[in-house]
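Just so it is clear, the structure is predicted and the values come from calculations on it, not from any experiment. Whatever order the structure lists ligands and atoms in, that order sets their numbers, starting from 1.
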Amino acid sequence: MTQPQSFSASDNPLLADWTGPFGLPPLAAIEPEHFRPAIDRALSRHRAEIDAIAADPATPSFANTIEALEKSGRELDRVCNVFFVLAGANTGDKIEAIERDVSPLLARHSNALYLNRTLYARIADLYARRARLGLNAEQARVLDRYHTRFVRAGGALDKAAQDRLAAINEQLASLGTQFGQNVLADEKSYALVLEENDLAGLPDFARAAARAAAEERGQPGKYAITLARSSCESFLQFSSRRDLREKIFQVWIKRGESGGATDNRALIAETVALRAERAKLLGFVTYADYRLDDQMAKTPQAARKLLDEVWRRARAKAAAERDTLQKLIAEEGGNFALAPWDWRYYAEKLRKAKFDLDEAELKPYLQLDKMVEAAFETARRLFGLSFAPVSVPLYHPDARAWEVKDKTGAHVGLFIGDYFARGSKHSGAWMTSLRDQEKLIGHVRPIILNVCNFSKPAAGEPALLSFDDARTLFHEFGHALHGLLSNVTYPLLAGTAVPSDFVELPSQLYEHWLEVPEILQTYARHAATGEPMPKALLDRVLATRTFNQGFATVEYTACALVDLDIHALPASTKLDVSAFERDDLARIQMPAEIVMRHRLPHFQHLFSGGGYAAGYYSYMWSEVLDADSFQAFEETGNAFDPETAKRLRDYVYGAGNLRDPVEAYKAFRGRLPSVDALLKKRGLADAVPV
Ligand SMILES: [Zn+2]
């Protein structure tokens, strides 16, 4: 143990001026020891700024209150952006320890801002006079958002309620950090290490990835299947060893439920109770009511109505799929009931039989670098953007950067792609930023990252993706464009700062362009021969679009329903997490052969921070929007129709949170969507609800 060192601003790169290329932080020079002193200084500076705004003797004005708040806390944002990029994508014991210390500190800091009664009084005063302040539309929106945020954080409550809220928030922050770290620890501590003769059924790419994973874990010459989704799912899909499939599946679905020090169930029970108490203090019956009040859906009932409509059809479709798979087992002479660890394997077989298409045939055509180019080309055709690789110091050798320019050659921002799985990275895929766009203090250009967990190939081999991976790449790139194309003045409204049931529209919509034939024809090229994907194969790929969608929809929708249910519990509930999950799944009649895509003990969307708590339905909500949005292009007969693309940029990708999502959508599409396009997209339109 060493004492934390202190640094003067000049020898702490986090606190120095960032004068490197594109104003990037000097990532290569930053050590974990630099964070704590930098965060402490930034926190105290922001506190002083807030106190000065609250104590300003002048009558509250938009400039001396709202704009002043928008200009405050810049150092804190800078330092925290760097910290959380590393905590997600390149963490380790030191960063994790700092994260555990810092997360309650940041929660306390946020409390001090949003529970500051003097400051709230200024904002409430401005809000009451908003019609007479001479604000433009964006300023009016910023004031409205500040007012809503303060009210929703408890700014208007009495002192006793505020004190309790503050304590709850700090505790929730610590619980969220611990939850994520526990999942990562469980994922890191396990690998199914295999010998050559255990690999029956695995195609070359999966063998190569397993060999590379074993090598990274210090077991050269062996094969490791890890708990990263790409590794585990491709094993479940291809391995003909039913015993090994069951073995890894059982470990995979028990992440966070080990019974040991990394067991997350007690953390979940405490989190859910604290959230319910918080909602009650703020005047809501349940946490779900509180959460959805400021979303596009507005109420849990509206979200549930959509989910129910989809759920009953998805169950019917999944039941039919199950029967087909069971028949396949019987035809092969199998004498066992389809189990959850069999579904992907037999679905893959069926896909091969039905469409003469197997993932192994497809995969050599899906090279990571080409798919990145395909995502860039789509952005060029829709929005006139270009991407040029640049060599800048980043935090890990696998991360790469591109400068983004518009049609006129003007600088738009910097895009960083960090695509390969490694032990220092949390699982999943996400977009994040080192800097957000704004025009309040000069035109600040964004620095946006995509972080993924694709299997890293052995040295000298090309990185190949599954079709799902390629879809993930397009998805995250859609989020990246939401950040890059942002065109607002006030940072509060920039890029992805929209309700979570709207934020998945730009990402999920972008996935549609992966399936546009001219994109695949150009960019899906065989890694060994360079040949484009044959037309017949491409047709078969597109024909499988609705294949196995009963399974996929059930796997997802069950998570969304359980999420709404657990966040509708009263604060007093003594929650037994395993029993709750089991009973709730029984209540919604979850098919026995399918397991939730994310079981509660490792459901990071809900419990590793509160990003999607009572909000996992958002993906489906946004899918209604994305299916309907893509139809707008289809109706023109051109997947890149310039006028539709312009409206999409003006009201969605470039608009941040300038408008209420309902208004933004109507401005783009001329109307609100119906669920029909989604049901058609998932092949559920003809399913008879059960
Ligand atoms: Zn997303």
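The Zn ion (ligand 1) lies at the vertex of an angle of 100° between the NE2 atom of His479 and the NE2 atom of His475 (rounded to 10°).
Side-chain contact check for Glu476 and Tyr419: no donor-acceptor pair (N or O, by modelled atom type) lies under 3.5 Å. Counted by atom type alone, Arg278 and Asn169 present one or more donor-acceptor pairs between their side chains at under 3.5 Å.
Between Lys681 and Asp626, the shortest heavy-atom contact is NZ-OD1, 3.1 Å. The two residues Asp289 and Thr286 come nearest to each other via the heavy atoms OD2-OG1, 2.7 Å.
Here Glu476 fails the criterion, with no N, O or S atom under 2.8 Å of the Zn ion (ligand 1).
The N, O or S atom of Glu504 lying closest to the Zn ion (ligand 1) is OE1.
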